[in-house]
Amino acid sequence: MLDPRFLRTELETVTERLKVKNFDLDVARFESLETRRKEVQVATEALQAERNTRSKSIGKAKANGEDIEPLKSAVAEIGDQLNKQQEELRKIQAELDEISWSIPNIPDASVPTGTDESDNELVRSWGDPTNFTFDAKDHVDLTSESKLLDIEVAVKIAHSRFMSLRGPLARLHRALIQFMVDVHVQEHDYEEVYVPYIVNDESLRGTGQLPKFEADLFKIQNEERDLYLIPTAEVPVTNIARNEIFPASDIPKRFVCHSPCFRSEAGSYGKDTRGMIRQHQFEKVELVQMVRPEDSWDALEALTGHAENILQKLGLPYRVMNLCGGDLGFSAAKTYDLEVWLPGQGQYREISSCSNFLDFQARRMQARWRNPDSGKPELLHTLNGSALAVGRTLIAVLENYQQADGSVQIPQILQSYMGGLTVIDL
RNA sequence: GGAGGGGUGGCAGAGCGGUUGAAUGCACUGGUCUUGAAAACCAGCAUGUCGAGAGGCAUCCAGGGUUCGAAUCCCUGCCCCUCCGCCA
């Protein structure tokens with residue numbers, strides 16, 4: 001959520017800058033609602049003040065043993081009027097809230113303009129696309145004979161866009177998770193957390209998935225309450241800070257969390273239908289930081305570096321992209337995507353997304369810290385990034401480490417997590 | 001799942017339906033005193049919002065209700081504690 005005062009006073013600027021994100025703000029409607037809100041709110045509060053003072057004087061009169069009946073009936077009229085005003089104010093406020101909860105974050109000045117991923121800006125790259133002396137296969141062909149990656153059985157068990165792993169591939173998948181979490185804890189100073197994989201709508205509003213993107217989520221409907229499967233650990237982990245005021249000594253907070261992620265992938269029909277690139281369920285190791293406002297841009301660079309470190313340790317070629325306005329997520333002010341080279345597809349594919357949200361999520365969540373300079377609670381800045389998406393990392397390892405005989409080498413750094421195994425025969 | 005008890009400021013802990021946004025203690029901040037510190041004493045010390053300011057409004061777990069007036073009464077939900085049952 002944007003700062004309401006900034007939104008009100010700098011409406012043209014906001015509207016202009018949101019165009020970078022292809023968002024059209026209905027300025028006229030917003031302004032007229034805002035004007036009415038102010039009028040009605042002032043009137044309502046005046047009535048409340050009137051009622052309060054009169055009620056207090058009734059209290060005094062009663063204490064003095066005076067007759068309070070005539071006073072009571074006078075206030076009753078104010079009460080009726082007040083109820084009407086309050087109802088009116090409530091309606092206006094609800095409309096305004098709906099608008100402000102649906103306005104995306106403003107892109108940072110360093111975000112390139114553009115409409116889709118083709119307008120993203122190359123920041124740097126690491127390694128060269130892997131060379132093969134033979135025809136490189138994709139992960140589906142590589143595993144089709146051994147069936148250690150089995151899509152069909154998962155479709156039988158659940159539905160399309162699910163997969164199953166067996167034997168050494170299941171183990172490699174698990175090894176990747178352990179490896180990533182260990183690196184972030186031991187080398188990058190993150191605290192490991194375990195959190196619920198099912199969350200309430202408040203949490204999803206906090207991070208920005210709701211109210212606008214309910215269709216992307218798996219919802220668990222129940223007579224008592226609706227809950228949602230998490231689309232990313234960002235949701236539960238960032239919401240640790242919701243409605244909290246942290247002492248300055250607790251900031252920054254850096255969390256690493258492995259979790260499954262569940263996405264409905266509504267609207268991606270026919271996209272990435274081959275293999276396990278795009279799944280309803282996948283594992284991810286997520287980094288989340290809560291920092292002082294002045295530190296968040298440095299933190300974004302550091303966090304991106306932490307994700308890159310994983311790719312480098314695995315020896316996987318990648319590039320870093322600065323997402324353009326049109327490709328930027330709802331809550332993000334700036335995002336770096338890490339794209340790993342996939343020989344099977346002959347292209348770079350997203351494997352991580354690292355974002356600075358500034359105070360956008362913190363305002364929705366009321367996630368604060370006590371600034372020793374002001375002595376006041378102030379909004380934190382939040383960031384997060386995948387480090388990495390595990391399913392896609394598994395694909396990248398399979399495709400980049402494949403050998404002419406169809407086997408796959410295990411990257412050096414993972415071998416200790418695989419009980420010394422160096423090759424997987426497929 | 002059954003039976004009780006409870007949720008008040010950073011913490012502890014008061015609060016007959018009416019000058020209670022909330023006593024008191026601790027913690028914290030500033031000051032006096034002291035060579036310095038401790039102690040003592042004085043002062044300050046919740047959050048949001050509107051306002052240039054004075055000040056107004058809202059908030060005592062959350063949401064409804066009763067009332068001229070609710071931290072205080074009623075209903076619902078959530079959470080915590082104790083006992084019984086069940087269970088990984």
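Throughout, protein chains are lettered first and strands after them, A, B, ... in sequence-line order, and every chain is numbered starting at 1.
- Shown here, B:U59 forms a base pair with B:A46; the pair counts as Watson-Crick or G-U wobble because both key distances fall under 3.5 Å.
- Within 6.0 Å of CD in A:Glu187 there are more than 12 heavy atoms belonging to other residues, nucleotides or ligands.
- Both A:Ser73 and A:Asn52 lie near RNA chain B, and the one whose nearest nucleotide falls closer to the 5' end is A:Asn52.
- Every side chain to side chain donor-acceptor pair (under 3.5 Å) that A:Ser355 has, sequence neighbours left out, goes to A:Thr335.
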Side-chain donor-acceptor pairs under 3.5 Å in residues 410-419 of chain A, sequence neighbours left out?
unit_1: A:Gln415; atom_1: NE2; unit_2: A:Ile410; atom_2: O; d: 2.9
unit_1: A:Tyr417; atom_1: OH; unit_2: A:Asp182; atom_2: OD2; d: 2.7

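- In 5' to 3' order, the nucleotides of RNA chain B bounding all contacts with chain A (an atom under 4.0 Å from a heavy atom) are B:G18 to B:C78.
- The partner of B:U72 cannot be assigned: no Watson-Crick or G-U wobble pair with both contacts below 3.5 Å exists in any strand.
- B:C83 is paired with B:G2 under the Watson-Crick or G-U wobble criterion, all donor-acceptor distances under 3.5 Å.
- Positionally, the nearest nucleotide of RNA chain B for A:Glu378 lies more toward the 5' end than for the other of A:Glu50 and A:Glu378.
- Annotation: B:G10 and B:C45 have their C1' atoms spaced 11 Å apart (nearest Å).
- For the pair A:Lys313 and A:Phe179, the NZ or CZ position fails the cation-pi test of under 6.0 Å to the six-membered ring centre and within 45 degrees of the ring normal.
- Annotation: proximity of residues 357-373 of chain A to RNA chain B (heavy atom, distance under 4.0 Å) is found for A:Arg368, A:Arg370, numbered in ascending order.
- Residue-level contact check: A:Pro247 touches neither bases nor backbone, having no heavy atom under 4.0 Å from any strand.
- Straight-line distance between the P atoms of B:G6 and B:G63: roughly 22 Å, to the nearest whole Å.
- A search for side chain to side chain contact (heavy atoms under 4.5 Å, CB included) contacts involving A:Ile198 returns A:Ile220, A:Leu227, A:Leu229, not counting sequence neighbours.
- Scored by the side chain to side chain contact (heavy atoms under 4.5 Å, CB included) test, A:Ser102 finds A:Pro211, A:Lys212 as partners (sequence neighbours excluded).
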Side-chain polar contacts of residues 271-278 of chain A - donor-acceptor pairs under 3.5 angstrom, sequence neighbours left out - could you list them?
unit_1: A:Asp272; atom_1: OD1; unit_2: A:Arg349; atom_2: NH1; d: 3.0
unit_1: A:Asp272; atom_1: OD1; unit_2: A:Arg349; atom_2: NH2; d: 3.4
unit_1: A:Asp272; atom_1: OD2; unit_2: A:Arg278; atom_2: NE; d: 3.0
unit_1: A:Asp272; atom_1: OD2; unit_2: A:Arg278; atom_2: NH2; d: 2.9
unit_1: A:Asp272; atom_1: OD2; unit_2: A:Arg349; atom_2: NH2; d: 3.0
unit_1: A:Arg274; atom_1: NE; unit_2: A:Asp138; atom_2: OD2; d: 2.6
unit_1: A:Arg274; atom_1: NH2; unit_2: A:Asp138; atom_2: OD1; d: 3.1
unit_1: A:Arg274; atom_1: NH2; unit_2: A:Asp138; atom_2: OD2; d: 3.2
unit_1: A:Arg274; atom_1: NH2; unit_2: A:Asp141; atom_2: OD1; d: 3.0
unit_1: A:Arg274; atom_1: NH2; unit_2: A:Asp141; atom_2: OD2; d: 3.3
unit_1: A:Arg278; atom_1: NH1; unit_2: A:Glu265; atom_2: OE1; d: 3.3

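- Going from the C1' atom of B:U32 to that of B:U49 covers 38 Å, rounded to whole Å.
- When both pairing distances are held under 3.5 Å, B:A27 makes no Watson-Crick or G-U pair with any nucleotide shown.
- With both ends at atom C1', the span from B:A88 to B:A3 equals 26 Å, rounded to whole Å.
- Nucleotides B:G25 and B:G13 place their C1' atoms 8 Å apart, quoted to the nearest Å.
- Straight-line distance between the P atoms of B:A71 and B:A54: roughly 25 Å, to the nearest whole Å.
- Using a 4.0 Å cut-off on heavy atoms, the residues of residues 5-13 of chain A that approach RNA chain B are A:Arg5, A:Arg8, listed by number.
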Do any side-chain atoms of residues 163-172 of chain A form donor-acceptor pairs under 3.5 angstrom with protein atoms, and if so which ones, sequence neighbours left out?
unit_1: A:Arg166; atom_1: NH2; unit_2: A:Ser146; atom_2: O; d: 3.4
unit_1: A:Arg166; atom_1: NH2; unit_2: A:Lys147; atom_2: O; d: 3.1

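- Pair assignment for B:A40: B:U32, on the basis of Watson-Crick or G-U wobble contacts that are both within less than 3.5 Å.
- Rounded to whole Å, the C1' atom of B:G4 lies 28 Å from the corresponding atom of B:C11.
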Using a 3.5 Å cut-off and no angle test, enumerate the donor-acceptor pairs between side-chain atoms of residues 320-330 of chain A and protein atoms at least two apart in sequence or in another chain.
unit_1: A:Asn322; atom_1: ND2; unit_2: A:Ser110; atom_2: O; d: 3.0
unit_1: A:Asn322; atom_1: ND2; unit_2: A:Glu121; atom_2: OE2; d: 3.4
unit_1: A:Asp327; atom_1: OD2; unit_2: A:Asn120; atom_2: ND2; d: 3.1

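- Residues passing the side chain to side chain donor-acceptor pair (under 3.5 Å) test with A:Glu95 are A:Arg29, sequence neighbours excluded.
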Set out, in order, the CA-CA distance, both residues' side-chain angles and the distance that settles side-chain hydrogen bond (donor to acceptor under 3.5 Å, both in side chains) for A:Ser55 and A:Asn52, then state yes or no. CA-CA 5 Å; A:Ser55 288; A:Asn52 288 349; 5.8 Å; no
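- Nucleotides B:G9 and B:G48 place their C1' atoms 15 Å apart, quoted to the nearest Å.
- Among residues two or more places apart in sequence or in another chain, the side chain to side chain contact (heavy atoms under 4.5 Å, CB included) test is passed with A:Val20 by A:Pro107, A:Thr113.
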